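Okay, structure first, notes after.
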Amino acid sequence: MSEAGVPAFPASKCPECSTLYGHPVHACRVCLSESTEPSPIDGHGTVYARTTIRIPGSDHRNEAPFEVAIVDVGRDETVRVTARIPGNPETAPGDPVAFLERRDGAFYFEAV
Amino acid sequence: MRPVSVAGTGTTAFGELDAGLKELGITAVSRALRSCAVEADEVDALYLGNFVAGALEGQEALAPLVADGVGLSGIPAMKTEGACASSGIAFRQAYRAIRTGEHDVVVAAGVERMTNAETAEFTRALGSAADRETEGATGLTFPGFYGLLLDRYMHEYGATREQIAAVSVKNRHNGVSNPRARFRSEITVDDVLDSRRVADPLRLYDCCPAADGGAAVVLAASDIAGELTAAPIRVLGSGHATGRSAAYRYDDLTTLEATTAAAESAYQQAGIGPDDVDVVELHDCFSPAEIGDSEDLGFFEKGEGAKAIVRGRTAVDGELPINPSGGLLAKGHPVGATGIGQIYEVCKQLRGNHENQVEGAEIGLAHNLGGSGAVSTVTVLGGPTNV
């Protein structure tokens with residue numbers, strides 16, 4: 001937990017060149033190191049862009065409508081990730097969000 | 001490096017067709033072969049673009065199947081895949097094989113069958129062009145990618161939903177006179193804005209329809225092409241580039257770098273700039289895509305593309321006609337066939353016999369895009385006066 005009860009965001013970092021990643025990588029895009037190490041960052045974020053999926057693919061057939069946003073997360077260091085925003089608050093670019101959890105490979109943030 | 005020209009072209013209509021996958025491919029290729037004076041034993045290779053036949057139809061090994069179906073067994077035949085840019089890539093590989101001297105005559109084709117699939121299965125299959133491991137897990141769909149892009153574009157440049165809807169209105173208008181188009185009826189801005197929401201802020205009429213279809217061209221070294229047809233179309237430039245693999249990978253989601261990079265290399269090779277282009281077929285899979293593409297291809301400044309549409313600058317009689325065929329929004333998007341379908345339309349313009357003929361068109365550009373801006377091809381073509 002970081003400040004105000006917002007969980008830290010589970011970023012990862014290249015141990016060789018310190019490049020920070022949100023979504024996990026299989027090799028560092030900068031130095032091609034094959035390993036990364038956990039590097040949690042502040043879980044507060046800002047919406048960069050948002051959509052609400054109303055016609056989903058068959059893998060998510062029973063979940064629609066659901067909100068997906070690109071979020072810039074972190075404070076001193078930031079990463080950009082694609083995430084779910086539960087409850088369909090219809091966020092807009094610039095809106096603040098906070099990290100909730102990572103589940104089944106997807107990041108979840110809530111509108112704040 | 002030797003010059004390359006399009007000698008023959010062939011296509012099926014795009015739409016909801018009874019024909020099967022293999023038949024669509026065979027029909028398109030045989031029409032292209034018969035449109036010029038090429039003999040089967042002159043064809044050195046076949047490249048076939050296809051995206052979802054494996055997922056939706058359970059059919060692979062398509063290129064040899066189609067080659068054998070048109071009496072071309074024995075030659076190398078292979079499938080190219082780059083999501084919705086699959087046949088733009090097929091064209092480019094065929095072009096390179098001739099340009100570098102390996103082959104003299106090559107067929108490039110594309111084929112797709114989609115309308116028999118259920119919407120959710122179809123959306124899943126198309127979603128396979130996104131990165132399943134990251135964005136796929138969030139449930140982001142293809143319309144969703146362009147919903148994100150449009151949300152950001154409107155935020156950055158103050159474009160309105162009405163301006164974006166004007167793309168669909170223009171392209172549906174152009175499709176009315178194109179017998180190859182799936183949709184042949186007009187729509188209004190209100191029709192777009194009142195249509196069902198798909199992926200906010202995108203609505204149904206912002207989205208191109210699925211379609212079945214096949215398209216093919218016969219490419220030849222220019223000296224040979226001159227013997228095969230009276231109206232060869234010169235390939236002036238060809239670019240192919242990779243971009244970002246997912247929406248979160250963009251620093252600026254309103255600029256798809258695969259397009260800017262492919263365009264830069266195509267323009268450079270052709271020795272022209274965007275101002276020299278007379279007619280364009282670009283990848284309007286969704287209405288905001290046409291706005292962004294028109295800027296990424298250098299036709300308008302960033303943020304100006306939406307205004308250009310509304311002012312009629314890209315209409316058939318405008319200063320730079322974009323998608324006079326009706327584009328993907330009216331023709332339909334049989335994904336693996338789309339890239340060569342665009343080249344077919346541009347060749348028809350440069351030969352001066354298109355249903356929506358752009359007066360005096362001498363240089364045309366075709367732009368094909370696949371995935372989340374993951375891959376793009378740009379082809380610059382020159383009419384008979386440029387050969």
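Within every chain, numbering begins at 1; the chains are lettered A, B, ... in the order of the sequence lines, protein sequences first and strands thereafter. Values in this document were obtained by computation on a predicted structure and should not be read as measured data.
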Which portion of [X] sits near chain B, non-hydrogen atoms under 4.5 angstrom:
X	value
A:Pro56	backbone
A:Ala64	neither
A:Arg29	side chain
A:Tyr48	both
A:Arg61	side chain
A:Val81	backbone

> Using a distance-only test with no angle check, is there a side-chain donor-acceptor pair under 3.5 angstrom linking B:Thr115 and B:Asp212?
Replying inline: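 Yes, B:Asp212 and B:Thr115 have a side-chain donor paired with an acceptor closer than 3.5 Å.
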
>> Would you call the rings of A:His23 and B:Tyr248 parallel, tilted or perpendicular, taking 30° and 60° as the class edges?
In response: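 Tilted, since the angle between the ring planes falls between 30° and 60°.
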
> Between B:His367 and B:His283, what is the ring plane arrangement, given parallel below 30°, perpendicular above 60°, and tilted in between?
Replying inline: perpendicular

Out of [options], return the one with the most heavy atom pairs under 4.5 angstrom to chain B.
options	value
A:Arg103, A:Glu63, A:His60	A:His60
A:Ile53, A:Val47, A:Thr82, A:Val79	A:Thr82
A:Ala49, A:Gly57, A:Pro65, A:Ser58	A:Ser58

> When heavy-atom pairs shorter than 4.5 Å are enumerated against chain A, which of B:Asp251, B:Asp200, B:Thr123 gives the highest number?
Replying inline: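 Greatest number of close heavy-atom pairs with chain A: B:Asp200.
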
>> Tell me whether A:Arg84 forms a cation-pi arrangement with A:Phe66, defined as NZ or CZ under 6.0 Å from the six-membered ring centre and within 45 degrees of its axis.
In response: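 Judged by the rule (NZ or CZ under 6.0 Å from the ring centre, within 45° of its axis), A:Arg84 counts as positioned above A:Phe66.
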
> Measuring heavy-atom distances to chain A, does B:Tyr250 have an atom under 4.5 Å in its side chain, in its backbone, in both, or in neither?
Replying inline: backbone

>> At a 4.5 Å cut-off on heavy atoms, which part of B:Arg203 comes close to chain A: side chain, backbone, both, or neither?
In response: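 B:Arg203 has no heavy atom closer than 4.5 Å to chain A.
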
> Do other residues, nucleotides or ligands put more than 12 heavy atoms under 6.0 Å from A:Asp104 CG?
Replying inline: no

> So, does A:Glu67 use its side chain to make a donor-acceptor pair with the main chain of A:Thr91 at under 3.5 Å?
Replying inline: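 Judged by distance alone, yes, a pair lies under 3.5 Å.
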
> Between B:Glu16 and B:Asn116, is a side-chain hydrogen bond (donor to acceptor under 3.5 Å, both in side chains) present by the stated rule, with each step listed?
Replying inline: CA-CA 8 Å; B:Glu16 201 170 350; B:Asn116 52 335; over 6 Å; no

>> Please determine whether a side-chain nitrogen of the Lys or Arg among B:Lys307 and B:Glu304 lies less than 4.0 Å from a carboxylate oxygen of the Asp or Glu.
In response: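 Looking at B:Glu304 together with B:Lys307, the answer is yes, because their closest N to O distance falls below 4.0 Å.
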
